[in-house]
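Single-structure report; data block below.
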2 protein chains.
Amino acid sequence: MDHTERLHELGLRVTRQRLAVLRFLETTPHSSADTVASGVRDELPEVSMQSVYNVLNDLTALGMLRRFTPPGSAALHETRVDDNHHHAVCMTCGRIEDVECAVGHAPCLSPSDTHGMNIQIADVVYQGVCASCRESAHATEGGASGAQPRESVA
Amino acid sequence: MDHTERLHELGLRVTRQRLAVLRFLETTPHSSADTVASGVRDELPEVSMQSVYNVLNDLTALGMLRRFTPPGSAALHETRVDDNHHHAVCMTCGRIEDVECAVGHAPCLSPSDTHGMNIQIADVVYQGVCASCRESAHATEGGASGAQPRESVA
DNA sequence: TGCCCTATCTTGACTTCATCAAAATAGGGA
DNA sequence: TCCCTATTTTGATGAAGTCAAGATAGGGCA
C-alpha cells in the first residue's frame, strides 16, 4: 500500500510534507528530526522544523512510523513498523544497524515477573562495537583499555 | 563494600557530593538528575546542578552507576549495576519497575553476530500498563479504545 | 468546477535537559 | 600542616523538542 492510500485510511490529509517525510525515511531509516528536515528540504525547501516534528509525532502516534532513542542522542525514526526488530548502536562511531528479533515474534522476551504490569512493547537497544571500529581500534591501540564509549554520534 | 571504599578503589576522591548522590540513589533508584539534586539537597543544601551531573556522569562512566533513558523522559540512574536487569515503564503513569532478566545472565539475548557488530550491552525497556492504571482505566472507560499512551510522565 | 471548513503548516517564543569554561574550594598524599 | 590538583560552583551556552496563534491549503460538497 502506498503512503497516500495509508494516510487516507487513517483519516489524515495527504500533504506534501507528510509524503516527503515518509519518502525520505523509506530511503534513510534511523533519522533524527534534524536529518529528516535537511533531507526533506532537498525536495521541499520550505518545510519548517515544527512541521517535521508534527509529522513525526502524528505518524508515530498512529503507527505509520516507529521511533526509538539510543542513549545520548536524539530520537530516531523509521518506517519499518510491522516486524519486531531491534537496534544495535556502535558505541564508537554511532552507526546503527537493524537486528532481527532473535527469539521469534512479539515482545521477543517474556519477563518472568512484571509486578502485574501488562507488557505490550519491548524496546531493545544493543550496544557494541562495529566491525570497522574494531579494526581501526586494533590498528591504533597500543594496549589501552579499549575504545572510549562517549564519542559524539556521527 | 561501602561507597567510600569503592570510590577509593577507583582512584576517585571521596567527596560529600558523591557520597550523598550514592546514598540517595540507593534509597531512590530510577531517579533523574533533577530528582537526585532535590533529594541530595535535603542533606547537603548547597550542591549545584552541575555537580550532580558531574557525579552522575563520572560514576556512570566508571560503572558505579547505571543509566537508562525511557522514551520521552530524562535519563534515570540507579546503583544496581552488577545484575543484568531490565526496566518496565508504565505508559500511562510513568511508573518504573525493575524486571529480572528472563533468559539468565549476560546480554540476555543472543544476536551474537549482527552485521559484524560485537554486542556488549543489551538495554531493554518494556512498555506496558501497570496494574493500578489498568484498574482505573476499567473504572473510567466507557468503551474507548484504551489508555492513551502519550501522557506526561509523572 | 469552485467554495468553504478546518486540518495542517509556519513563525517565533519558550521549556527542559544537558554541556562547556573558568574561578573557587577542598580531598588527601608527603 | 602544606600544597597540588581533582572536584565543585557559578554562569553562559547549546541541543532537542513543545506551545500558541495566525496563515495556508487539503478535500468534501454544492
Side-chain angles (χ1 to χ4, degrees), chain A residues 3-22 30-38 40-41 43-62 64-65 67-77 94 150-154, chain B residues 3-22 30-38 40-41 43-62 64-65 67-77 94 150-154:
Chain A
H3 298 144
T4 299
E5 225 174 317
R6 184 85 185 101
L7 286 170
H8 261 137
E9 241 185 39
L10 291 169
L12 294 178
R13 287 190 180 170
V14 179
T15 67
R16 285 175 302 160
Q17 291 85 342
R18 282 175 178 157
L19 290 176
V21 166
L22 285 166
H30 313 150
S31 296
S32 65
D34 234 38
T35 306
V36 171
S38 343
V40 163
R41 280 174 184 146
E43 92 178 58
L44 209 66
E46 300 301 298
V47 266
S48 69
M49 206 50 197
Q50 182 62 55
S51 291
V52 172
Y53 278 114
N54 286 343
V55 171
L56 293 175
N57 283 342
D58 294 348
L59 299 192
T60 299
L62 289 167
M64 269 189 89
L65 294 178
R67 161 158 49 200
F68 70 102
T69 308
S73 75
L76 306 183
H77 307 78
R150 278 279 152 208
E151 282 312 293
S152 71
V153 171
Chain B
H3 297 144
T4 300
E5 225 175 316
R6 184 84 185 101
L7 286 170
H8 262 136
E9 240 186 38
L10 292 170
L12 295 178
R13 290 191 179 168
V14 180
T15 67
R16 286 175 301 161
Q17 291 85 341
R18 281 175 178 157
L19 290 176
V21 167
L22 285 166
H30 312 149
S31 296
S32 66
D34 232 38
T35 306
V36 171
S38 343
V40 163
R41 279 173 185 148
E43 91 178 59
L44 208 66
E46 299 302 298
V47 267
S48 68
M49 206 52 200
Q50 182 63 56
S51 292
V52 172
Y53 277 112
N54 286 344
V55 171
L56 293 175
N57 283 341
D58 295 348
L59 300 191
T60 299
L62 288 166
M64 269 190 88
L65 293 179
R67 161 157 50 201
F68 70 102
T69 308
S73 73
L76 305 182
H77 307 77
R150 276 281 154 206
E151 282 313 292
S152 72
V153 172

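Below, chain A is the first sequence line, B the second, and so on; all start at residue 1. Just so we're clear, the structure is a prediction, and the values are computed from it rather than from any experiment.
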Difference in axis direction between the ends of the helix from C:dT1-D:dA30 to C:dA30-D:dT1, five pairs, 10°: 30°
Do [X] and [Y] touch side chain to side chain, with heavy atoms closer than 4.5 Å?
{"X": "B:R13", "Y": "B:R18", "result": "yes"}
{"X": "A:R41", "Y": "A:V47", "result": "yes"}
{"X": "B:E5", "Y": "B:H8", "result": "no"}
{"X": "B:D58", "Y": "B:M64", "result": "no"}

Option from A:L59, A:V14, A:L22 for which side chain to side chain contact (heavy atoms under 4.5 Å, CB included) with A:H3 holds: A:L22
Qualifying residue for side chain to side chain contact (heavy atoms under 4.5 Å, CB included) with B:V36, from B:L76, B:V52, B:V55: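 Output: one option passes, namely B:V52.
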Under 4.0 angstrom between A:N57 side-chain N/O and D:dT18 OP1 or OP2: yes
C:dC9 OP1/OP2 closer than 4.0 Å to side-chain N/O of A:S51: no
Nearest-Å distance, [atom1] ([X]) to [atom2] ([N])?
{"X": "B:H77", "N": "C:dC17", "atom1": "NE2", "atom2": "P", "result": "12 Å"}
{"X": "A:D34", "N": "D:dT18", "atom1": "CG", "atom2": "C1'", "result": "16 Å"}
{"X": "B:Y53", "N": "D:dG14", "atom1": "OH", "atom2": "P", "result": "17 Å"}
{"X": "A:N54", "N": "D:dG17", "atom1": "CG", "atom2": "P", "result": "13 Å"}
{"X": "B:F68", "N": "C:dC17", "atom1": "CZ", "atom2": "P", "result": "15 Å"}
{"X": "B:D58", "N": "D:dT9", "atom1": "CG", "atom2": "C1'", "result": "15 Å"}
{"X": "B:L7", "N": "D:dA6", "atom1": "CG", "atom2": "P", "result": "16 Å"}
{"X": "B:L10", "N": "D:dA6", "atom1": "CG", "atom2": "P", "result": "16 Å"}

Nearest-0.5 Å distance that lies between atom CD in A:E9 and atom CG in A:L62: 11.5 Å
A:Q50 side-chain proximity, nearest of D:dG17, C:dC9, D:dC19: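 Comparing D:dG17, C:dC9, D:dC19 against the side chain of A:Q50, the answer is D:dC19.
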Flag if over 12 foreign heavy atoms under 6.0 Å of CD, A:E46: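 No, because the 6.0 Å sphere around CD of A:E46 holds 12 heavy atoms or fewer from other groups.
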Which residue lies more 5' along DNA chain C, comparing A:V47 with B:A75 via nearest heavy atoms: A:V47
Backbone of B:S31 reached by a side-chain donor or acceptor of B:H77 within 3.5 Å: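 Checking the backbone N and O of B:S31 against the side chain of B:H77, a donor-acceptor pair under 3.5 Å is found.
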Distance-only donor-acceptor test (3.5 Å): side chain A:E46, base C:dC9: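 Counting by modelled atom types and ignoring angles, no donor-acceptor contact under 3.5 Å is found here.
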Nucleotides 24-30 of chain D: protein proximity per nucleotide (B base, S sugar-phosphate only, - neither; heavy atom, under 4.0 Å): -BBS---
